[in-house]
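Below: one structure, written as structure tokens.
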Amino acid sequence: MAASIFRNAGQILLPVKFAISRRLCLASQSPPQLHGFSNLDSLVSAVITAVTSCASISNCRSIHCKVMKSLSFSHGFIGDQLVSAYLRLGFTKDACNMFDELPDRDLVSWNSFISGFSRRGDLSNCLNAFSAMKLETGVEANEGTIVPLISACTETRALDIGTYIHGFILKFGMLLELRIANVLINMYGKSGYLDGASGLFEAIPIPNLVSWNSIIAVHVQTGKPEEGIGYFIRSRRAGIKPDQGTLITTLEACEELGSAKLAEAIHGFLFITGLDSNLTLATGLLSLYSKLGSLVASQKVFGHIRNPDSIAWTAMLASYGVHGKGKEAVKTFKLMVKEGVAPDHVTFTHLLNACSHAGLLKEGRAGLLSDAYKLIISMPMKPNSGVWGALMGACKKHNNIELGKEAFDNMLALEPLDSRNYLSLSNMYSSAGLRKEASEVRGLMKKRSVIRIPGSSCIEHEKRIHRFVSGDRSHPLEEEISKKLEELVKKVRGSGAWARTEFVLQDVDDEEVREDMINKHSEKLAIGREIIIRDTKRFHHFSNGSCSCRDYW
DNA sequence: ATAGGGTTAG
């Protein structure tokens, strides 16, 4: 009973931790009672679970000492739990030493050992443990062994090893286990083998919710949002009740498609099912509307959130930022702090971005990059890849290659598989004329099989979505589209809107690129009504002959 | 009903 209470202790850690340490002291003070193991075993295991979920090594060690003093850790799964805790906290050596000493290693011991490495993305140690396990007599792998192994392959994009394990799975007839099929769908899908993922999915007799969520997610995340939505519709027909994960993914698909209509349809669905009061989904929706260009809609959604947490506040702040409303972003930040919600590194990243877009920061305007660097280094929390990305963007703008490279290295250590990181470094080199370095970066990307999803633009017309990638000539009306564009550009030139913006692009040498960029910005100014349009970084609101960015871009 | 990862917000 006590154990089941403690098992759910993750959410209310502080009081629980206190209660636990008192119970433990009592236990170790009265050794005679320790011979009735079953109660204490379950208590101690719950203790370890609770303590490790707050990720503190000192807590873990003190528990370890107390357990060692009061009874042998060889009993039950206490040893397994401690090994797993050490691994999770990054004390690999301690964990391995302890694992070697465990006298009765059963299947669960091995599985949690492998799982510990997998969580840290340590594929080679996963494989070492797996080989060692096969040598140990009487222990046969099951789905608890395979799932973390495949997961580690997915994380590290080690598709060759993953495929080998797939072979192992087939050999031992383990594909019938649904959880294994689901992680395989995830692995093949995330590695860009959507056919493989779909093939596996179709072979499942009765896919469950996770199967559906996985097949939807891998399509949406690898540049196939239409297909993802297709699977979502199929899941509805199959009578599957979607959960938070399903709908977050469909919101992501709306973003990819740039479809406000689909977003509204899903918003309606959320409303009907009552899921619109789900904080995660409301936050996702808010952010989506903002990304689709409607700041007003995102404000509305935020207004309906009862107790916004730091993530929701940050989403609202970021919305103001990408819409060029730097002052509103700062206001939101102050309000958030006033409400007693603690900002974190992501909040600060968006705040910095919002300020630099709006030209509010001296650092942004004058290119005082080393100051920005110092700011990042002295931040109270560990900078994430977004912070480094913001610095790198500034470095590119001001041609500071050296600092840009440093930002890249930091960024890559945190997000080694995000193609955007590689591309922004490569772009920085290209725009500085360093072609050799640029192609090296692209080579590195290829070598690590980082998948690049080409950027594209969509427009919704009469219930159909038309998608264009750069230089795309595949649209059936391609000729007419090109003609119309040329016509527009000519009109703009004649209107005089041309000269106004030209000075902005002094740092772009390539005449063609320069002209193109100016066209994109100025042609919207020539038209009378409000137009909202997105560039690679944020939104521009054009009305009454001026843009919300005040030509700061 | 059994210690162990199936997918998924800023």
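Naming: A, B, ... by sequence-line order, numbering from 1 per chain. These figures come from a predicted structure and were not determined experimentally.
Rounding to the nearest 0.5 angstrom, the gap separating the CZ atom in A/Phe168 from the OH atom in A/Tyr164 is 7.0 Å. The distance from atom NZ of A/Lys325 to atom NZ of A/Lys327, rounded to the nearest 0.5 Å, is 11.0 Å.
Base contact: A/Ser310 has a heavy atom under 4.0 Å from a base atom. Base engagement by A/Asn142 is indicated by at least one non-hydrogen atom pair under 4.0 Å involving a base atom. Among the heavy atoms of the strands lying under 4.0 Å from A/Ser115 is at least one base atom, whether or not backbone atoms are also near. Using a 4.0 Å heavy-atom distance criterion, A/Thr347 is classed as a base contact.
Annotation: A/Asp160, atom CG; neighbour count of heavy atoms from other residues, nucleotides and ligands within 6.0 Å is above 12. Other residues, nucleotides and ligands place more than 12 heavy atoms under 6.0 Å from the CD atom of A/Glu202.
The phosphate of B/dT7 (OP1 or OP2) has no side-chain N or O of A/Gln244 nearer than 4.0 angstrom. For A/Lys190, a side-chain nitrogen or oxygen approaches OP1 or OP2 of B/dT8 to under 4.0 Å.
One can place CG of A/Leu251 at 10 Å from P of B/dG10, the figure rounded to the nearest angstrom. Across the protein-nucleic acid pair, A/Ile240 atom CD1 and B/dT8 atom C1' stand 16 Å apart, rounded to whole Å. Regarding A/Asn307, its CG atom lies at a distance of 20 Å from the P atom of B/dG10, rounded to whole Å. At whole-Å resolution of the value, CG in A/Leu351 and C1' in B/dG10 are 14 Å apart. Taking atom CG on A/Leu317 and atom P on B/dA9, their separation rounds to 20 Å, with Å as the unit. Look at CG on A/Leu352: it is 15 Å from C1' on B/dG10, rounded to the nearest Å. Per the geometry, CZ belonging to A/Arg120 stands 16 Å off C1' belonging to B/dG5, to the nearest Å. Straight-line distance from the CG atom of A/Leu200 to the C1' atom of B/dG6: 13 Å, rounded to whole Å.
Looking at A/Phe113, A/Phe91, A/Phe117 one by one, the single match for ring-ring contact (aromatic ring centres under 6.0 Å, His included) with A/Phe99 turns out to be A/Phe113. If you run side-chain contact (heavy atoms from CB on, under 4.5 Å) between A/Leu200 and each of A/Leu175, A/Ile180, A/Asn186, only A/Leu175 comes through.
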Quick one: do A/Phe201 and A/Trp212 satisfy ring-ring contact (aromatic ring centres under 6.0 Å, His included)? Show the steps, please. CA-CA 8 Å; A/Phe201 178 82; A/Trp212 285 104; 4.8 Å; yes
With side chain to side chain contact (heavy atoms under 4.5 Å, CB included) as the test, would you mind laying out the steps for A/Ser118 and A/Leu149 before giving the verdict? CA-CA 7 Å; A/Ser118 174; A/Leu149 274 175; over 6 Å; no
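Proximity of a side-chain donor or acceptor of A/Ser287 to a complementary backbone N or O of A/Gly284 within less than 3.5 Å is not detected. Formation of a donor-acceptor pair under 3.5 Å by the A/Thr250 side chain with backbone atoms of A/Leu247 is found in this model.
Sorted by residue number, the members of residues 266-285 of chain A with any non-hydrogen atom under 4.0 Å from DNA chain B read A/Leu279, A/Thr280. Residues of residues 154-182 of chain A having a heavy atom closer than 4.0 Å to DNA chain B, listed by number: A/Leu178, A/Arg179, A/Asn182.
Evaluation of atom-type donor-acceptor distances gives no pair under 3.5 Å for the side chain of A/Asn213 against the base of B/dG6. One donor-acceptor pair, N or O on each side, does fall under 3.5 Å between the base of B/dG5 and the side chain of A/Ser118.
The aromatic rings of A/Tyr231 and A/His219 lie tilted to each other, with the angle between the two planes from 30° to 60°.
Candidate nucleotides B/dT7, B/dG10, B/dA9 were compared by shortest atom distance to the side chain of A/Asp243, and B/dT7 ranks first. Listed candidates were B/dG10, B/dA9, B/dT7. Nearest to the side chain of A/His350 is B/dG10. Checking B/dT8, B/dG5, B/dG10 against the side-chain heavy atoms of A/Gln221 singles out B/dT8 as nearest. Listed candidates were B/dG5, B/dG10, B/dG6. Nearest to the side chain of A/Asn208 is B/dG6.
B/dG6 and B/dT2 are spaced 14 Å apart, taking the P atom of each and rounding to whole Å.
Annotated as anti: B/dG6, whose O4'-C1'-N torsion sits more than 90° from 0.
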